[in-house]
Undergrad: 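The structure's right below; bear with me while I get my questions together.
Hydrogens, waters and symmetry mates play no part in the numbers below; they use all other heavy atoms, side chains included. Counting starts at 1 for both ligands and their atoms, following the listed order.
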Amino acid sequence: MQSKTQIIGITTTVPSEILYAANFIPVDLNNIFIANENPDKFVEKAEIIGFPGNSCAWIKGIFSAVKSENIKTVIAPVWGDCSNTHALCEVLKTYGINIIEFAYPYDYSLQKLKLEMNFLFDKFNINEKSVFEWKKKLDIIRKKLKTLDKMTVDGKISGKDNHLWLVNSSDFYGNPEKFDNELDEFLKTNDNINKYDDFKRIGVMGVPSIWSNFYDILEENKAHVVYNEVQFEFSMIKSIETDFYNQYINYTYPYGMDFRLKEIIKQMKERDIQGLIHYTQCFCFRQIEDILVKNNINIPVLTLEGDKPGEVDARTKMRIENFMDII
Ligand code: SF4
């Protein structure tokens, strides 16, 4: 069993209960990349070693994050995250990185998911009981995130803060206690009156945006984001009352768009959303799924495409302005 605490890089949400039970400190490589003051340098460095210009910037950022943080072990879902993860892992292996592969089942079968989880239990020499105990601990924080999400819907918290808190719950900063304390502080100081009465209620679906000022531009255009789809899924707040295994079956992001859309439509109704923005990433296979979004959503949908880290470009700003005018 791994006894000494060791950092483990994650490429997306993986069961943090397992990593904490195995005495790892999970570090979400996406957050390391995008929170850096020069994320464009991460992309550039990956291109210098040979990543193609026409490949996803998040993948290049993840690669450089592993190198910049000197991470030795990465756990990566080879199914249910990103089609580029396979190639990324192959390259990382050549740099001596230990890759632990894991797969969310394509058909969201509970039985297959249990096998995958049990593979990780064996790999890390931990038992179910310790994982369930970690679920209880993390669920205490998730309950607070649920409050934060509700406050966003009620117009007391911005869509940007909602995004930041929920996206960071993929690894709880690698330090759940610190995350919990900071969240308490944030909730105490942000229980304000409704700040968004005259704003339109917007949902944002798709992978988190790579733009630094996306939410600021939305607010400038009187759009209050009351639903951040993927970030909401990362947070697992809808599965607080669910058992550990079903939590990762209810988690829609690794599964097909048809499965995700059922949850998106449910949340859109509950949150009374007037318009939906589908954020897509340049060179991402998920862009194809926009066809299914357009065919199944019956409120106005605006599809945007981001490429590299930086601010929202002028054309996209204009498209956001126009969209807000029509809804
Ligand atoms: S944006 Fe798409 S291609 Fe890029 S890392 Fe995410 S899933 Fe993969």
Side-chain angles (χ1 to χ4, degrees), residues 9-14 26-36 39-40 42-47 49-69 71 74-92 97 99 101-106 163 166-171 204-212 214 228-235 251-261 263-264 277-293 303-310 312-313 316:
I10 63 174
T11 58
T12 186
T13 293
V14 295
V27 171
D28 190 325
L29 299 162
N30 297 280
N31 297 345
I32 296 286
F33 158 51
I34 209 65
N36 187 275
D40 47 324
F42 279 50
V43 174
E44 206 180 294
K45 280 182 186 161
E47 287 180 357
I49 75 110
F51 278 79
N54 64 349
S55 61
C56 165
W58 282 105
I59 285 292
K60 292 182 263 197
I62 289 173
F63 171 80
S64 296
V66 172
K67 307 263 296 153
S68 85
E69 298 299 299
I71 285 173
V74 170
I75 180 164
V78 287
W79 190 267
D81 176 23
C82 170
S83 56
N84 289 323
T85 303
H86 301 256
L88 172 69
C89 291
E90 283 183 313
V91 174
L92 285 173
I97 311 298
I99 302 289
E101 287 158 355
F102 162 76
Y104 289 100
Y106 178 68
H163 151 72
L166 299 189
V167 87
N168 278 306
S169 67
S170 61
D171 62 2
V204 176
M205 66 168 290
V207 296
S209 143
I210 204 158
W211 292 311
S212 54
F214 180 44
N228 283 303
E229 183 240 342
V230 166
Q231 296 87 331
F232 171 78
E233 291 298 325
F234 286 171
S235 74
Y251 170 46
T252 61
Y253 179 69
Y255 309 114
M257 183 52 88
D258 56 338
F259 190 56
R260 273 173 69 192
L261 277 169
E263 182 66 28
I264 290 167
I277 293 179
H278 183 199
Y279 175 84
T280 63
Q281 183 65 36
C282 205
F283 310 119
C284 173
F285 73 101
R286 293 184 186 276
Q287 286 187 299
I288 299 166
E289 296 174 333
D290 191 55
I291 300 165
L292 306 171
V293 175
T303 303
L304 300 177
E305 182 188 63
D307 183 3
K308 295 200 170 163
V312 176
D313 58 279
T316 304

Undergrad: Could you tell me, atom by atom, which parts of ligand 1 come under 4.0 Å of a heavy atom of N84?
TA: 3 (S)

Undergrad: For the pair W211 and F214, name the ring-plane relationship: parallel under 30°, tilted 30 to 60°, perpendicular over 60°.
TA: tilted

Undergrad: Do the ring planes of F234 and Y253 sit parallel (below 30°), tilted (30 to 60°) or perpendicular (above 60°)?
TA: perpendicular

Undergrad: Find out whether C89 and T85 are in side-chain contact, i.e. whether some heavy atom of one side chain is under 4.5 Å from a heavy atom of the other.
TA: yes

Undergrad: What closest approach, in Å, do T252 and E263 show between heavy atoms, and which atom pair accounts for it?
TA: CG2-CB, 3.9 Å

Undergrad: Could you find the nearest protein heavy atom to atom 8 (Fe) of ligand 1 and give me its residue, atom name and distance?
TA: C82 SG, 2.2 Å

Undergrad: With a cut-off of 2.8 Å, does C56 place any N/O/S atom under that distance from atom 4 (Fe) of ligand 1?
TA: yes

Undergrad: Do Y106 and Y104 make the cut of ring centroids closer than 6.0 angstrom?
TA: no

Undergrad: Short list, please: which atoms of ligand 1 are under 4.0 Å from a heavy atom of Q281?
TA: 1 (S)

Undergrad: Got the closest protein heavy atom to atom 6 (Fe) of ligand 1, with its distance?
TA: V207 CG1, 4.1 Å

Undergrad: Near I59, which atoms of ligand 1 are under 4.0 Å from a heavy atom of that residue?
TA: 5 (S)

Undergrad: If the cut-off is 4.0 Å to any non-hydrogen atom of R286, which atoms of ligand 1 fall inside it?
TA: 7 (S)

Undergrad: Considering only protein heavy atoms, which is closest to atom 2 (Fe) of ligand 1, and at what distance to one decimal place?
TA: C284 SG, 2.3 Å

Undergrad: List the atom of D171, the atom of D28, and the distance in Å for their closest heavy-atom pair.
TA: OD2-N, 2.8 Å

